[in-house]
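Take a look at the structure set out below.
Excluded from the calculations below are hydrogen atoms, water molecules and symmetry mates; all remaining heavy atoms, backbone and side chain alike, are included.
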Amino acid sequence: MANTSLPLAERNLTPEQVEALDRRRDWGLTLQVIAGQFAVICVFLSLWVGQDLTYSPGWAHPMAYYMAVALTIVLVCGTAGTFMRRGIRPID
């Protein structure tokens, strides 16, 4: 008898398919953890971004650039990790 607590699509998987599903969900969790760590870094960077944008001359705004890179990492890793954990197939 199938386990009724599982979603319909996952009730009759082979052991190899279950392993692939677990690996994908583990990678999703890893990406979500990376996104969370970079979110904490973004909080600390936000303390300096305003001062950097106000007082740095010309295009020399290294903290703003670091903040933009960190936010991009948060968005990409968080979105990809969430999709992988939900069950959407990864891009190979």
Side-chain angles (χ1 to χ4, degrees):
M1 182 171 167
N3 186 352
T4 58
S5 66
L6 293 174
L8 289 174
E10 297 177 9
R11 288 186 186 172
N12 297 319
L13 296 177
T14 64
E16 293 82 20
Q17 291 171 329
V18 171
E19 287 178 18
L21 180 68
D22 287 342
R23 275 195 308 271
R24 189 186 69 227
R25 287 186 176 159
D26 286 343
W27 271 109
L29 179 61
T30 301
L31 289 173
Q32 286 177 333
V33 168
I34 290 170
Q37 291 172 342
F38 270 94
V40 171
I41 291 170
C42 283
V43 169
F44 290 121
L45 283 174
S46 69
L47 299 172
W48 289 283
V49 169
Q51 180 181 0
D52 184 48
L53 292 173
T54 303
Y55 296 117
S56 293
W59 286 96
H61 303 292
M63 293 311 245
Y65 300 142
Y66 296 150
M67 179 77 168
V69 169
L71 279 174
T72 303
I73 291 172
V74 168
L75 292 174
V76 170
C77 287
T79 303
T82 301
F83 283 147
M84 289 179 81
R85 298 251 321 158
R86 282 190 184 164
I88 295 174
R89 299 190 63 85
I91 299 172
D92 289 331

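- Neither W27 nor V18 shares a network with the other; the hydrophobic side chains, linked directly or stepwise wherever heavy atoms of I, L, V, M, F, W or Y lie under 4.5 Å apart, form separate groups for each.
- The CZ atom of F38 sits 10.0 Å away from the CG atom of L45 when rounded to the nearest 0.5 Å.
- A pairwise comparison of heavy atoms in G50 and T54 identifies O-OG1, 2.7 Å as the closest pair.
- Under the 4.5 Å side-chain heavy-atom criterion for grouping Ile, Leu, Val, Met, Phe, Trp and Tyr, V33 is not connected to I73 through any hydrophobic cluster.
- Note that CE of M84 and CG of L21 are 10.5 Å apart. Values are rounded to the nearest 0.5 Å.
- Taking 4.5 Å as the limit, every side-chain heavy atom of V69 sits out of range of all side-chain heavy atoms of Y66.
- Note: M67 CE to T72 OG1 = 10.5 Å, rounded to the nearest 0.5 Å.
- At a threshold of 4.5 Å between non-hydrogen side-chain atoms, the residues Q37 and I41 do not count as touching.
- Scanning all heavy atoms of the two residues, the minimum distance from A35 to V74 falls at O-CG2, 3.5 Å.
- Between atom NE2 of residue H61 and atom CH2 of residue W59 there is a gap of 7.5 Å, rounded to the nearest 0.5 Å.
- No continuous path of hydrophobic side-chain contacts links L75 to F83 [ILVMFWY only; heavy atoms under 4.5 Å].
- Distance CD/E19 to CG/L13: 11.5 Å, rounded to 0.5 Å.
- Of the candidates L53, L47, D52, M63 forms a side-chain contact (heavy atoms from CB on, under 4.5 Å) with just one, namely D52.
- Taking both residues in full, the closest heavy atoms of C77 and I34 are given as SG-CG2, 4.0 Å, listed atom of the first, atom of the second, then distance.
- In this structure the side chain of L29 never reaches within 4.5 angstrom of the side chain of R25, judged on heavy atoms.
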